Amino acid sequence: MATPENTSHHTDTDFTALPELGDEVFTAPLARPEHVGEDWVEPAQTNYTSEDHSVWNALFARQMEVLPGRAASAFMAGLDKLDLSRGGIPEFGELSEELDKLTGWSVIPVPMLIPDHVFFWHLANRRFPAGNFIRTRETFDYIQEPDVFHDVFGHVPMLTDPVFADYMQEYGRAGWKAMRYNRLKALGALYWYTVEFGLIEEAEGIRAYGAGILSGPTEAKFAVEAQSPNRIMLNVDRVMRTDYVISDLQPTYFVIESFDDLYRQTVERDFDRLYRNLAPGFTYANSAVIDVDNVVNRGTQEYHLRGGNGSGAAPI
């Protein structure tokens with residue numbers, strides 16, 4: 001399989017410097033806090049309180065009740081490799097040392113969601129930005145902005161898998177081209193449906209590897225077992241034309257055969273040609289099933305037809 005070092009489509013790009021963000025590129029307007037530089041990295045990880053560590057432990061215990069048999073084997077192996085069950089919020093320096101030995105990645109603290117071009121730059125250099133805060137008891141079940149639990153528990157174990165770790169670096173490098181074509185929404189959809197809400201076929205059945213699924217108990221069950229959502233084999237061109245839901249369970253999930261399959265479909269794709277043919281907005285609704293889809297499960301969409309989480313509908 002091709003590795004990040006010998007792929008030819010990045011040879012003209014310097015990933016050591018922050019990419020320039022032109023005026024024509026549409027991104028979310030984020031105000032940079034005064035205490036961080038252009039890299040948005042915090043001077044130090046938060047000195048968490050005992051209550052913060054208690055919240056982490058409670059979240060961890062809740063997820064471990066539902067993830068066995070639903071989470072990808074690579075994720076479960078990653079939890080063990082990083083010894084995340086040791087208790088308390090992991091110290092990023094120690095976590096980075098362990099991760100570096102496995103796949104050359106590190107974890108860095110950031111104050112909040114960071115701009116796209118900064119996020120791409122860190123991923124391209126095998127640094128994963130993690131929120132330098134944790135939710136409270138009042139926001140225990142859902143927090144809109146990713147916190148340290150979502151970022152470290154949900155994302156970091158997958159970075160122990162060599163192929164997925166390479167995919168994440170290549171995704172960061174792909175950001176340069178998406179900005180040149182002003183197609184960040186399309187690239188964001190790919191991240192959403194793979195890194196955040198991806199499913200994988202394993203010998204025992206479909207399992208979750210996306211952090212948005214793995215860090216929440218309801219979605220972990222819904223994504224893998226419920227009859228409501230569609231489950232469709234990944235097609236990169238189709239996914240990058242597909243809208244997504246931010247604050248509710250997903251109407252559709254996309255399934256990969258393996259992480260090698262994910263890498264091939266993305267890193268070996270001619271994105272120049274794809275971006276030239278993409279519309280500025282999305283083509284397909286998040287619940288759509290179209291004629292090119294290889295459908296694993298045609299969902300009933302009952303949960304969303306009943307109104308989703310705002311209506312109190314059961315996630316079935």
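The structure displayed is predicted, hence computed values, not measured ones.
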Do R135's NZ or CZ and the ring of F140 fall within the cation-pi criteria of under 6.0 Å and 45°? no
Could you check whether R127 makes a cation-pi contact with W121, meaning its NZ or CZ is under 6.0 Å from the centre of the six-membered ring and within 45° of the ring axis? yes
Roughly how far apart are [X] [atom1] and [Y] [atom2], rounded to 0.5 Å?
{"X": "N297", "Y": "Q227", "atom1": "CG", "atom2": "CD", "value": "5.5 Å"}
{"X": "T194", "Y": "I256", "atom1": "OG1", "atom2": "CD1", "value": "8.0 Å"}
{"X": "M240", "Y": "Y275", "atom1": "CE", "atom2": "OH", "value": "4.0 Å"}
{"X": "M168", "Y": "T103", "atom1": "CE", "atom2": "OG1", "value": "10.5 Å"}
{"X": "N294", "Y": "I232", "atom1": "CG", "atom2": "CD1", "value": "9.0 Å"}
{"X": "M233", "Y": "R238", "atom1": "CE", "atom2": "CZ", "value": "13.0 Å"}

Could you check whether any side-chain heavy atom of [X] comes within less than 4.5 Å of a side-chain heavy atom of [Y], counting everything from C-beta outward?
{"X": "N132", "Y": "V110", "answer": "no"}
{"X": "Q250", "Y": "E196", "answer": "no"}
{"X": "N230", "Y": "P251", "answer": "no"}
{"X": "D100", "Y": "W105", "answer": "no"}

Check: [X] side chain, [Y] main-chain N or O, donor-acceptor pair, under 3.5 Å:
{"X": "Q45", "Y": "F92", "result": "yes"}
{"X": "N182", "Y": "P280", "result": "no"}
{"X": "H117", "Y": "G175", "result": "no"}
{"X": "T46", "Y": "Y48", "result": "no"}
{"X": "R173", "Y": "Q169", "result": "no"}
{"X": "H304", "Y": "L249", "result": "yes"}
{"X": "R183", "Y": "L278", "result": "yes"}

Enclosure of R137 CZ (heavy-atom neighbours >12, cutoff 6.0 Å): yes
Check the surroundings of atom CD in E257: do more than 12 heavy atoms from other residues, nucleotides or ligands lie under 6.0 Å from it? no
Minimal non-hydrogen separation, [X] against [Y], with atom names:
{"X": "V148", "Y": "G131", "result": "CB-O, 3.2 Å"}
{"X": "N309", "Y": "S247", "result": "ND2-O, 2.9 Å"}
{"X": "I316", "Y": "F222", "result": "O-CE1, 3.7 Å"}
{"X": "F128", "Y": "V156", "result": "CD2-CG2, 4.4 Å"}
{"X": "I213", "Y": "L199", "result": "CD1-CD2, 3.8 Å"}
{"X": "S215", "Y": "H150", "result": "OG-ND1, 3.1 Å"}

Is [Y] reachable from [X] through a run of hydrophobic residues whose side-chain heavy atoms are each under 4.5 Å from the next?
{"X": "W192", "Y": "L113", "result": "no"}
{"X": "V245", "Y": "L187", "result": "no"}
{"X": "L184", "Y": "I246", "result": "yes"}

[X]-[Y] aromatic ring centre distance below 6.0 Å:
{"X": "F153", "Y": "F75", "answer": "yes"}
{"X": "Y191", "Y": "F120", "answer": "no"}
{"X": "F259", "Y": "F164", "answer": "yes"}
{"X": "Y193", "Y": "F197", "answer": "no"}

Test side-chain contact (heavy atoms from CB on, under 4.5 Å) applied to [X] - qualifying residues, sequence neighbours left out:
{"X": "P33", "answer": "H35, V36, W40, P111, M112"}
{"X": "E202", "answer": "A72, S73, I200, E204, R207"}
{"X": "D237", "answer": "N235, R241, R269, L274"}
{"X": "T266", "answer": "Y167, L190, V236, L262"}

Salt bridge present between E65 and R62 (N-O < 4.0 angstrom): no
Salt bridge between R126 and D166, side-chain N to carboxylate O under 4.0 Å? yes
Given W56 and I134, is the side chain to side chain contact (heavy atoms under 4.5 Å, CB included) satisfied, shown in steps? CA-CA 8 Å; W56 169 282; I134 192 165; 3.8 Å; yes
Among residues at least two apart in sequence or on other chains, which ones pass side-chain hydrogen bond (donor to acceptor under 3.5 Å, both in side chains) with [X]?
{"X": "E138", "value": "T136"}
{"X": "T300", "value": "none"}
{"X": "E145", "value": "none"}
{"X": "E302", "value": "R306"}

ILVMFWY cluster membership beyond [X] - transitive side-chain contacts under 4.5 angstrom:
{"X": "V41", "value": "I108"}
{"X": "I290", "value": "Y284, V292"}
{"X": "F133", "value": "I143"}

Run the side chain to side chain contact (heavy atoms under 4.5 Å, CB included) check on V295 and R231 step by step: do they pass? CA-CA 6 Å; V295 181; R231 298 180 188 88; over 6 Å; no
Using side chain to side chain donor-acceptor pair (under 3.5 Å), reason through N286 and T252 one step at a time and then give a plain yes or no. CA-CA 6 Å; N286 51 44; T252 298; over 6 Å; no
Pair D272, Y181 - check side chain to side chain donor-acceptor pair (under 3.5 Å), show working. CA-CA 8 Å; D272 288 283; Y181 284 93; 2.8 Å; yes
Sequence neighbours excluded - salt bridge (charged side-chain N to carboxylate O under 4.0 Å, His left out) pairs with any residue from residues 75-92: D83-R86, R86-E94, R86-E98
Under the side chain to side chain donor-acceptor pair (under 3.5 Å) criterion, do S54 and N57 qualify, and how do the steps go? CA-CA 5 Å; S54 179; N57 290 338; 5.9 Å; no
Taking it one step at a time, do T16 and D14 satisfy side chain to side chain donor-acceptor pair (under 3.5 Å)? CA-CA 6 Å; T16 62; D14 176 15; 2.5 Å; yes
Between D52 and T49, a side-chain donor and acceptor under 3.5 Å: yes
